[in-house]
Amino acid sequence: MKLYSLSVLYKGATKANLLKAAYDLSSFSFFQRSSVQEFMTFTSALIAERTSVGTRASVKEQEYLCHVYVRNDNLSAVVISDSEYPQRVCFTLLDKVLEEFSRGVDSIDWPSGNPDTISYKGLDIHLSKYQNPREADAMTKVQAELDETKIILHNTMESLLERGEKLDDLVSKSEHLGNQSKAFYKTARKQNSCCEIM
Amino acid sequence: MAESKEEVEVLVQRVVKDISIAFKRHPNIEEIGLIQCPEARYNRSPIVLVENKLGVESWCVKFLLPYVHNKLLLYRQRKHWLDREALVDITCTLLLLNPDFTTAWNVRRWVLQHILRQFSAVAHKTQQQPDAERTQVLGSHLDQLIHQEMKVCSDAACRYPSNYNAWSHRIWVLQHMAKGNIKVFRDELTSVHPWVSMHVSDHSGFHYRQFLLKELLNTELSQSLSSDSASTIFCPPQHQSNTVHSTCPQANGELSLGNAACGDRITTVFKLFHQETELCSDLIQSFPGHETLWSHRRHVYYLWHHWRQDQDLCSDGKENELKPTGINEPSGSQGKSVDRHKHVSVPMEVDRVSLPDHDSKRLRRGILLPNLLTLQNEHTFVNSILNSCCNAEQNNYAVAYKKWLDTVISAQSLDI
């Protein structure tokens, strides 16, 4: 039961702008961590871009689940978890983070900010605390508040894309991914697997 | 990039040597990983060491793995000799590239069996010439080994979900090195409790708990039949796990529980099941929609159900005090199951059934426990889940469990 990344973004007219992010990559092999982090950033931004304002969604990709909330003021948060982590708690976390962020960071800084200029420090603590969902939050409280039927479910990343758009193209054009990550993606796609050697 | 056979051989031997040197120079290496790198660059070694983490560039794997695998096979077939150092280097490289190799776990077991044989030899000597200190040293060494293996299995289990090999090895270790050792089994139950709570769809973890329960049951059973034994001599573990009449004292020198009251033993078993059921209920309610948890519940209840039936049948001649475990109505809110559980010596309060008079003496002795493991309570639990949950999968699992209770458990109760 794990959370891997937590990010806050601003959903602009054409793309999502990463404001701040925290990662827990301890379960990944040391040499893969930088690539994994880049992919999580890429994924979080893509999901925020393709989710309508004022909605919540969960996107499944292999054994990962990406949960997103895009608020009416375009401030968005994305958390990436494994498939065991309870969905409800993820959305509680997203609400909490957005509330705290908007109190601490002036909205004038949202459209153009980036992780270096934004001074919000709460993400790492929240990510760490929520690794244990039961300790972090009284789940019974959450049951009442969230209406699960309003969360859009996507079974793959592909379902977020426009007709004719290919994930491969988005990967190769992405500014979030370094060359090594792009190469890694190409190899993985060819082998039809992500991290297997043979 | 066609490389000749000789070039490949030279390259591979260099890499194997690099790996061996890396381990010798840096005994603190704590992690090994693959570096995605499709082509060799600048004639550099593919072995990279950063902050106590060893990396292997991926381009060399397609040469390296077949080579070392082949070499090891030839060695095993006695077609090619490898001296000890070469053997260590080759197996080290092989495991580095493919830690999933079942053979690696087999080798571990082979080594442990070797150690156990040595222990046996010493223990045999100790039986003939009792030596308290030697027994204690042996015992503590064994405990250390067990503890070490548990750690290895635990680390491996974290790396892959439902890691069959790791959990099977864990079970093997306990079966061969901790037979009859109640303390170890109980400690293990406690130790994996937080782990399974954070890995609620890891079937192997829960299967391990089922194994621990069964072992504790068997041990309790066997001790109820064995004569009292105050022997503290270390007894080499048996390989037969099904002997009910084992009189083997625990490996750590603890006194056998053979002199405990029958009632206490049944209370212990009951508490075990109660705790396991509580854990299961707690996780099912906190994490809706995980089939593993419901499957675990089935296993636990089934075990409990059969253990209870066995107790009722082996009643020490007091059959007139026992009734069959109840005729259960089909499921539904109107069905009232009329379970009457009466153990030979420990009465249990049953829902809506008052205690018969001959149990009042035992009541006064204070060994009364509420029996929460009735079929009725299982139905109550399932109904509470169905009424409160909005997760479709959870709903399905709950309905399936209810059906199982009705078809499997009720049917078996009727057979008595």
Side-chain angles (χ1 to χ4, degrees), chain A residues 1-3 25-36 38-39 62-63 65 81-89 130-140 142-144 146-151 153 178-191 193-198, chain B residues 29-39 46 48-62 64-66 69 96-101 158-162 194-202 205 282-283 285-293 388-394:
Chain A
M1 197 168 297
K2 260 197 98 51
L3 296 179
L25 304 171
S26 52
S27 56
F28 294 98
S29 154
F30 177 80
F31 296 98
Q32 288 179 334
R33 283 175 199 170
S34 59
S35 276
V36 169
E38 286 175 3
F39 270 107
Q62 297 168 44
E63 67 268 33
L65 271 169
S81 73
D82 69 2
S83 52
E84 278 183 348
Y85 197 97
Q87 187 195 40
R88 288 173 187 274
V89 181
Y130 272 78
Q131 288 298 349
N132 188 329
R134 293 200 288 177
E135 272 178 26
D137 226 285
M139 278 153 83
T140 44
V142 180
Q143 317 268 13
L146 190 64
D147 183 357
E148 271 194 345
T149 58
K150 297 234 178 78
I151 300 172
L153 290 167
N179 287 328
Q180 189 167 21
S181 298
K182 290 182 184 174
F184 172 55
Y185 177 84
K186 269 213 194 94
T187 330
R189 288 295 263 189
K190 249 199 297 183
Q191 292 171 344
S193 70
C194 201
C195 302
E196 289 184 43
I197 312 166
M198 6 251 151
Chain B
I29 287 176
E30 59 191 10
E31 194 190 305
I32 294 147
L34 198 69
I35 303 173
Q36 282 302 328
C37 187
E39 277 164 21
V48 172
L49 194 69
V50 176
E51 292 174 25
N52 283 337
K53 325 249 188 213
L54 185 73
V56 180
E57 288 181 355
S58 60
W59 62 264
C60 77
V61 174
K62 62 178 179 285
L64 200 53
L65 188 62
H69 190 203
L96 198 86
L97 298 176
N98 195 354
D100 216 14
F101 218 38
C158 288
R159 302 208 54 188
Y160 294 97
S162 277
W195 197 91
V196 298
S197 303
M198 291 293 280
H199 296 84
V200 292
S201 58
D202 192 314
D282 181 36
L283 293 177
Q285 284 160 337
S286 301
F287 304 110
H290 290 281
E291 189 167 22
T292 302
L293 298 173
S388 67
C389 98
C390 22
N391 180 311
E393 282 171 334
Q394 180 88 320

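Convention: sequence-line order gives letters A, B, ...; per-chain numbering from 1.
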Pick one of side chain, backbone, both or neither for [X], based on which atoms fall under 4.5 Å of a heavy atom in chain A.
X: S201(B); answer: both
X: N52(B); answer: neither
X: S197(B); answer: both

Pick one of side chain, backbone, both or neither for [X], based on which atoms fall under 4.5 Å of a heavy atom in chain B.
X: S35(A); value: neither
X: E63(A); value: neither
X: N132(A); value: both

In Å and rounded to the nearest 0.5 Å, what is the CZ to CD distance from F31(A) to Q36(B)?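 Rounded to the nearest 0.5 Å, the CZ-CD separation comes to 12.5 Å.
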Spacing of I35(B) atom CD1 and Q180(A) atom CD [to the nearest 0.5 Å]: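 These two atoms lie 8.0 Å from each other.
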What residue in D202(B), L54(B), V48(B) has the most heavy-atom pairs under 4.5 Å with chain A?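 If we count pairs closer than 4.5 Å to chain A, L54(B) comes out on top.
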Residue pair [X] / [Y]: nearest heavy atoms and the distance that separates them:
X: H290(B); Y: S83(A); value: CE1-O, 4.1 Å
X: L34(B); Y: Q32(A); value: O-CG, 4.4 Å
X: G33(B); Y: S29(A); value: CA-OG, 3.8 Å

Among K2(A), M1(A), E84(A), whose side chain to side chain contact (heavy atoms under 4.5 Å, CB included) with H199(B) holds?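 Between H199(B) and the candidates, side chain to side chain contact (heavy atoms under 4.5 Å, CB included) is satisfied uniquely by E84(A).
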Please indicate whether E291(B) has more than 12 foreign heavy atoms, meaning atoms of other residues, nucleotides or ligands, lying under 6.0 Å from its CD.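 Count not over threshold, so no.
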Indicate yes or no: at least one non-hydrogen side-chain atom of F287(B) is less than 4.5 angstrom from one of R134(A).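 SC-SC contact between F287(B) and R134(A) confirmed.
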Could you check whether R33(A) pairs with E51(B) (Lys NZ or Arg NE/NH1/NH2 to Asp/Glu carboxylate O, under 4.0 Å)?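 No.
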